[in-house]
A.B. asks: 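Got a structure here, written out as structure tokens. Questions coming.
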Amino acid sequence: MDKNIILSGIKPTGIPTLGNYIGALRNWNLMQQDGNYCYYMVADLHALTVRNDPDELRSQTRSMAALLIACGIDPERSPLFIQSHVHQHAELSWVLGCTTYMGELNRMTQFKDKAAKHADNINAGLFTYPVLMAADILVYGANQVPVGDDQKQHVELARNIAIRFNNAFGETFVVPEPVMPKFGARIMGLQDPEHKMSKTDTNPNSYISMLDEPAAITKKFKKAVTDCEPTIAYAEGRHGCNNLLTIYCACTGKTMDEAVKDFEGCGYGRLKTCVADAVIAELEPVQNEYRRILSDREYLDGVLKKGADTASERAQKTLDLVFERVGIR
Ligand code: TYM
């Protein structure tokens, strides 16, 4: 099998949710196998598109890095770094921005959603955010990008930018593709299962934070919105029930048929308890490991410095080629 080059990132805006974990982080861990080479980063530049308290952003960036290691990212094998520590991302982003059309960016659904949500701060960074994301991916020659469903459109834009650049200036970029998990590419909110689970939801009962205590996890699942159908099944329009079954499959490794069988003749109470138990079993070891790593300042600093050095060396090669291609060096 050919070796894949993989890149992915996560914004350090708050504690990640079960959605981030199932949709992306767990997959990041699995993709480190099979001889793949993975770059993983905390996307702090992307976090600037919404207002942040500077001290909070700094501390959340470190916490996120610790959490990624706790999720199984092995920094000995996969460079782990903070996006802003690798200056080549922002530089490449400028060049790519000059080959991206306003019309393309206007079509990004996440921009429309975020602009509606932050009507008092529709900044240019929010609009050009997918260009920076394309630079993150293309600067490493990544061919695979593990993401949840909501980031698929951005990876597709990165593909289009790469193809257009290659056509205009000669073969330069690897054309990337999104990789999504079999179960859980879009985990839905527990209180509003027609919308994705989000850490910025105003109702904390709608999301499971990766650092929630077991008792809180159980309580939130108990309150999850389902429906009035008498049986538990995976079926069109049964958003709440489908979401719980999907989480169950993702955390137990069972197929959907096996999951539905497990709950034959059961009520929602039993389903909710079993889903909560499966989630607790998955998250508890990650939480313990997170606390251990975060308390070892020297180790974490060392990992992030080494990760940035390795990433920067690779990124500079692409940047040199790009500058030469476009005629600025
Ligand atoms: P972010 O920080 O919003 O989310 C990180 C990852 O979690 C996935 N995700 C979900 N998956 C399933 N269900 C959900 N409810 C859910 N919510 C979030 C996201 O799809 C994502 O994979 N722009 C990116 C970060 C980024 C990036 C990159 C990703 C910056 N540069 C380059 C890939 C490649 C973001 O804001 O993700």
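In each ligand, atom 1 is the first atom listed, and ligand 1 is the first ligand listed.
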A.B. asks: Please list every donor-acceptor pair under 3.5 Å in which a side-chain atom of residues 168-187 meets a protein atom from a residue at least two apart or in another chain.
C.D. replies:
| residue | atom | partner | partner atom | Å |
| --- | --- | --- | --- | --- |
| Thr172 | OG1 | Gly170 | O | 2.7 |
| Thr172 | OG1 | Arg325 | NE | 3.0 |
| Arg186 | NH1 | Asp149 | OD2 | 2.9 |

A.B. asks: Does either side chain, that of Asn121 or that of His118, offer a donor lying less than 3.5 Å from an acceptor on the other one?
C.D. replies: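 On atom types as modelled, these side chains do not qualify, holding no pair under 3.5 Å.
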A.B. asks: Between Asp257 and Lys261, does any NZ, NE, NH1 or NH2 come within less than 4.0 Å of an OD or OE carboxylate oxygen?
C.D. replies: no
A.B. asks: Under 4.0 Å between a side-chain nitrogen and a carboxylate oxygen: does that hold for Arg58 and Asp55?
C.D. replies: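 So Arg58 pairs with Asp55 through a salt bridge.
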A.B. asks: Would you kindly say whether Thr49 and Lys11 are connected by a side-chain donor-acceptor distance under 3.5 Å?
C.D. replies: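 Note: Thr49 and Lys11 side chains miss the donor-acceptor criterion.
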A.B. asks: If the criterion is any heavy atom closer than 4.0 Å to an atom of ligand 1, which residues make the list?
C.D. replies: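 Lining ligand 1: Leu7, Ser8, Gly9, Ile10, Lys11, Gly19, Asn20, Gly23, Ala24, Met41, Ala43, His46, Tyr129, Met133, Asp136, Ile137, Val145, Val147, Gly148, Asp150, Gln151, Gly184, Ala185, Arg186, Ile187, Lys196, Met197.
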A.B. asks: Please determine if Glu213 and Lys219 form a salt bridge, counting it only when a charged side-chain N lies under 4.0 Å from a carboxylate O.
C.D. replies: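 Salt bridge: no.
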